[in-house]
*Asks:* 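Let me begin by handing over the structure; questions about it come next.
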Amino acid sequence: MDAKVRKKMAALRIRELQQVLDRLGLEKKGRKADLQARIAAYFGEPAANGTVQPPREQYKIDAAAKLIDQVFSAMKGLPYLGPDANAAGGMALGGAGLPAGLVEAAAVGLISMQQAPGGTGAAAANGHATAAAGGAVRCICGSMASRGVMVQCEALECGVWQHCECVHYDAAAGGAFMCEGCRVARADPFWRATNRALAPAAKLVHVPGRPQRPGGAWDELYSHLRRDFQLPHALLDSLRAGSDTQLQACSVLLGDSVSARLHWPRHAELRVNNMQYRPYGRSGSLKLGANARDEPASVGTLCFHGRNALSLSAADNRPFCLVLQLARRRSRAEVMALMAPPETAEQALERVRQQAGGGGGDDELMMGHSVMSLRCPNSGMRIVKPARFKTSGGLVAFDLTTFLDLAERTRKWQCPHSMQAGTVQDLVVDGFVQRVLASLQARPEVMEVEVAPSGEWRAPGESAWRSIVEPAAGAGAVAHIKAEAPAALPSGVDAAGTSAPNGGANGVGVQHGGSDSEGELSEREEMRHAAASVAAAARNRPPEPEPEVIMLSDSDDDVTPPPPPLPPHTAWGPLPGTEAAMAQDGHDWIGDLLANGDADDALGGGAAEQGGGGWASAEGNGGVPMDYRGVIDLDPD
């Protein structure tokens, strides 16, 4: 065993020794001396028990020495510089030399993420020529050697170079590229990372020899990453004092289609000092959609003074990178300062001409007028301060204040019209809509305007076109109004579109003279004047009389008279043949019967023989037939 490897192995704690034995596939139980003896026996040194058989291949021994070096660097919180790194200030990886200051900064874990400006996301096959061209080499693998195919971060404030193989960048396909630090900074610009690096960013690695999932097997690989960092008293007090400073653990997916967002792996288990922290609220088995965003993990409340440990375990085949940063909150004014410079009137007019179709230069293609909405898609109200993304096309805008309120809560920096993802650096104030709204301050009810291919616009109900470009002299800050040439109006119609009496305005006839070319009207003007004539005729038409309404309830025909009042004897009137019924009829039937001698038959037996039951006198039974005297009790006593 090499002396350097032996010295680093002696400095490892029991936790790191168990990690090395686990990676080597050896038993990891016992005391610290037993663990060190097993590792030494793997390198060929004699062991007391003789249970460990050293490998015969030299590359396996070299891999074990590299593993001890990596675990030692991770325990100290330093990037892995390789076995040939020289702490005095030189590096011999790949035969390339780097400045001593950069190597010294990497050795103490203070690699600055803001190096020389520049970078356009280009890839270079010759890594040595790349390092000399400009920009530092800082990769998530821990090596700062320029080797293989490399790619440069396109952020102007960064410009670092990384290995395409480590960051999973397809150099053949090309495209924009940003390092993991710039991606985290653009994912949530309301937080600014300080220059103090607690631990370098690293990629989750697959752990061999570990069960893929407790209680069952699945297709995903088990990945793990551990980072140790130091927190002094002053920094810990600032983390616990308020919410303006946070210690954030952020995860990004390498090769993500949406680069400016945080993305945690599936079945992620984040632990800080062996205390579990749930990084997201969604289900662990669900993948993050294209329009979804994850949050950073604020782990400052779980940290102690001195050395702290952070570990992330996941079951996901995709490559992920963990970034630990100390962040401070930005104000709204600071976030708006990161936006692109506002457009001038000439730039806005040229953009609208290209988007509206007026700048194509094709004479055979005739473009029509476009309608531009002044309503914000987020609030539904009229836009106050218009903004747009430079990457989105079309005559679309939204309210900047409403958008920043939503972006601060959801961390979604995407156009609300096209849902295309962007960054705060792509956000710009829309100069065209801003000048249109300034001209329509007196008309708050206008929610859309018509835009011509030439870049001119007009509000509903206006016939004159306006331009956002100020005239050369004598107009001040008022937008120039380009009036169309007056055309001949139809006879009897004035300029307002109303019919004038006697064929002209104010009762005076108007004679239209001039050449034939001056009297010709375009098709659009003819249609406009025809519509004005129809509207004028409709306004001058006398009101039609209201139709006569006949109320059926007021008619005297087919009216049924009310029924006569019922006598007090029964609810249905007096019974037939009774005195009350005869008195109601108005004829003396009793007197006629007594005169004819048929009173007995009529009041007694005659009626009984006919099955009607004899009728008694009205005075004796109250006008009730005799057959009903057993049913109706006329005497209450």
Side-chain angles (χ1 to χ4, degrees), residues 1-2 4-45 47 51-55 59-83 85 109 140-143 198-214 220-230 249 251 265 267-277 299 306-316 319-322 324:
M1 179 185 294
D2 186 49
K4 295 182 179 179
V5 177
R6 184 186 298 276
K7 183 178 180 180
K8 292 181 179 180
M9 184 190 67
L12 297 179
R13 299 171 298 184
I14 296 180
R15 182 187 305 169
E16 284 74 19
L17 292 173
Q18 291 178 349
Q19 183 179 355
V20 172
L21 292 172
D22 188 18
R23 298 285 296 272
L24 297 177
L26 302 178
E27 185 182 0
K28 54 182 181 180
K29 295 181 180 180
R31 298 176 299 177
K32 182 176 181 179
D34 297 337
L35 302 180
Q36 292 176 348
R38 294 193 191 101
I39 297 176
Y42 188 86
F43 283 88
E45 296 185 1
T51 57
V52 179
Q53 298 295 331
Y59 75 90
K60 292 185 178 180
I61 298 178
D62 296 340
K66 182 179 178 180
L67 176 61
I68 294 176
D69 194 8
Q70 290 178 348
V71 174
F72 178 79
S73 300
M75 182 185 68
K76 295 297 184 180
L78 305 176
Y80 175 65
L81 304 178
I140 58 177
C141 65
S143 175
L198 300 177
K203 183 172 62 173
L204 274 73
V205 295
H206 172 59
V207 180
R210 295 287 299 273
Q212 296 182 348
R213 183 183 182 186
E220 287 79 5
L221 300 178
Y222 183 83
S223 302
H224 180 77
L225 178 65
R226 178 186 171 89
R227 277 290 177 265
D228 295 337
F229 56 95
Q230 295 279 347
S251 174
H267 303 281
E269 182 179 352
L270 181 65
R271 291 185 175 273
V272 181
N273 297 325
N274 205 22
M275 290 181 287
Q276 188 174 3
Y277 185 96
V299 297
R307 183 182 295 274
N308 296 267
L310 184 142
S311 63
L312 176 62
S313 303
D316 203 320
F320 287 88
C321 179
L322 182 65
L324 186 64

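A quick note: this is a predicted structure, and the numbers were derived from the prediction, not measured.
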*Asks:* What's the separation between atom NZ in K4 and atom CZ in F72, rounded to the nearest 0.5 Å?
*Replies:*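 It comes to 12.0 Å.
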
*Asks:* At what distance, to the nearest 0.5 angstrom, does CG of D69 lie from NZ of K66?
*Replies:*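 NZ of K66 is found 9.5 Å from CG of D69.
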
*Asks:* Kindly compute the distance separating CG (L67) from CE (M9), expressed to the nearest 0.5 Å.
*Replies:*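 The distance works out to 12.5 Å.
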
*Asks:* Under 3.5 Å, is there a donor-acceptor pair between the side chain of N274 and the main chain of V272?
*Replies:*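 Absent.
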
*Asks:* Does the R38 side chain pair with the main chain of K28, one donor and one acceptor, at a distance under 3.5 Å?
*Replies:*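 No, the answer is negative, given that no donor and acceptor are paired below the 3.5 Å cut-off.
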
*Asks:* Return the minimal non-hydrogen interatomic distance between L21 and E27, and the atom names on each side.
*Replies:*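 So the two residues come closest at CD1-O, 3.4 Å.
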
*Asks:* Can you tell me how far the CG atom of L12 sits from the NZ atom of K32, to the nearest 0.5 Å?
*Replies:*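 Nearest 0.5 Å value for the CG-NZ distance: 8.0 Å.
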
*Asks:* To the closest 0.5 Å, what do you measure between CG (D228) and OG (S311)?
*Replies:*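 These two atoms lie 9.5 Å from each other.
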
*Asks:* If you compare all heavy atoms of I61 against all heavy atoms of P55, which two are closest, and at what distance to 0.1 Å?
*Replies:*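 Here I61 and P55 meet closest at CG1-CG, 4.0 Å.
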
*Asks:* Please find the pair of heavy atoms, one from F43 and one from A65, that lie closest to each other, and give the distance.
*Replies:*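 For F43 versus A65, the nearest heavy atoms are CZ-N, 3.7 Å.
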
*Asks:* Please find the pair of heavy atoms, one from A201 and one from R227, that lie closest to each other, and give the distance.
*Replies:*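 Taking A201 first and R227 second, the nearest heavy atoms are O-NH2, 4.4 Å.
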
*Asks:* Checking F320 now: which residues fulfil ring-ring contact (aromatic ring centres under 6.0 Å, His included) with it, not counting sequence neighbours?
*Replies:*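 Applying ring-ring contact (aromatic ring centres under 6.0 Å, His included) to F320 gives H263.
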
*Asks:* Of the options Q19, Q70, E16, K8, which is the one that meets M75 in a side chain to side chain contact (heavy atoms under 4.5 Å, CB included)?
*Replies:*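 Among Q19, Q70, E16, K8, the one that satisfies the side chain to side chain contact (heavy atoms under 4.5 Å, CB included) with M75 is E16.
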
*Asks:* Taking atom CG of L310 and atom CG of L198, what is their separation to the nearest 0.5 Å?
*Replies:*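 If I round to the nearest 0.5 Å, the distance is 10.5 Å.
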
*Asks:* Any side-chain heavy atom of H267 sitting closer than 4.5 Å to one from D316?
*Replies:*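 Of all side-chain heavy-atom pairs linking D316 with H267, none is under 4.5 Å.
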
*Asks:* Could you report the tightest heavy-atom contact between L24 and A64, atom names first, then the distance?
*Replies:*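 Residues L24 and A64, closest heavy atoms: CD2-CB, 3.9 Å.
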
